[in-house]
Student: 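Below are the structure tokens for one structure; questions will follow.
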Amino acid sequence: MGRRIYQLFIDSITYGSSGLVGQAISFLLLPVFTSHLSPTDYGVLAMVAMLTAILTPLSELGMPSAVFRRFCTCKDENEKKKI
């Protein structure tokens, strides 16, 4: 039981830190971005990043339900394995 909790903790740190590392890299590259991009270009880049941050969770919203529904409606075992 303790080993499972420890493994869950390690996995949570691994996957949770990936977002943090990405944000840290973006912050550290900020001087490079601002020196090579005009304020207009940087604004466009920020808007694109914001748009993808909003649309990604929205596009994945119904995915688990759709996969589960498709899996349950399959009659053939081979088709269930593919899903």
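Just so you know, these numbers come straight off a predicted model, no measurement behind them.
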Student: Could you give the distance from CZ (Arg3) to CG (Leu8), rounded to the nearest 0.5 Å?
Tutor: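 Going from the CZ atom of Arg3 to the CG atom of Leu8 covers 13.0 Å.
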Student: Which hydrophobic side chains are connected to Val32, either touching it within the sub-4.5 Å cutoff or through other members that do?
Tutor: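 Members besides Val32, by chain and number: Val21, Ile25, Leu29, Leu30, Phe33, Leu37, Tyr42, Leu45.
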Student: Check whether Ser17 reaches the backbone of Leu20 with its side chain - one donor and one acceptor, N or O, closer than 3.5 Å.
Tutor: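 Here the side-chain-to-backbone pair does not exist.
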Student: Taking only residues two or more places apart in sequence or in another chain, which ones pass side chain to side chain donor-acceptor pair (under 3.5 Å) with Asp76?
Tutor: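 By the side chain to side chain donor-acceptor pair (under 3.5 Å) rule, Asp76 matches no residue at all.
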Student: Is the closest side-chain donor-acceptor distance between Thr14 and Asp11 under 3.5 Å?
Tutor: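 Looking only at side-chain atoms, Asp11 and Thr14 do not form any donor-acceptor pair under 3.5 Å.
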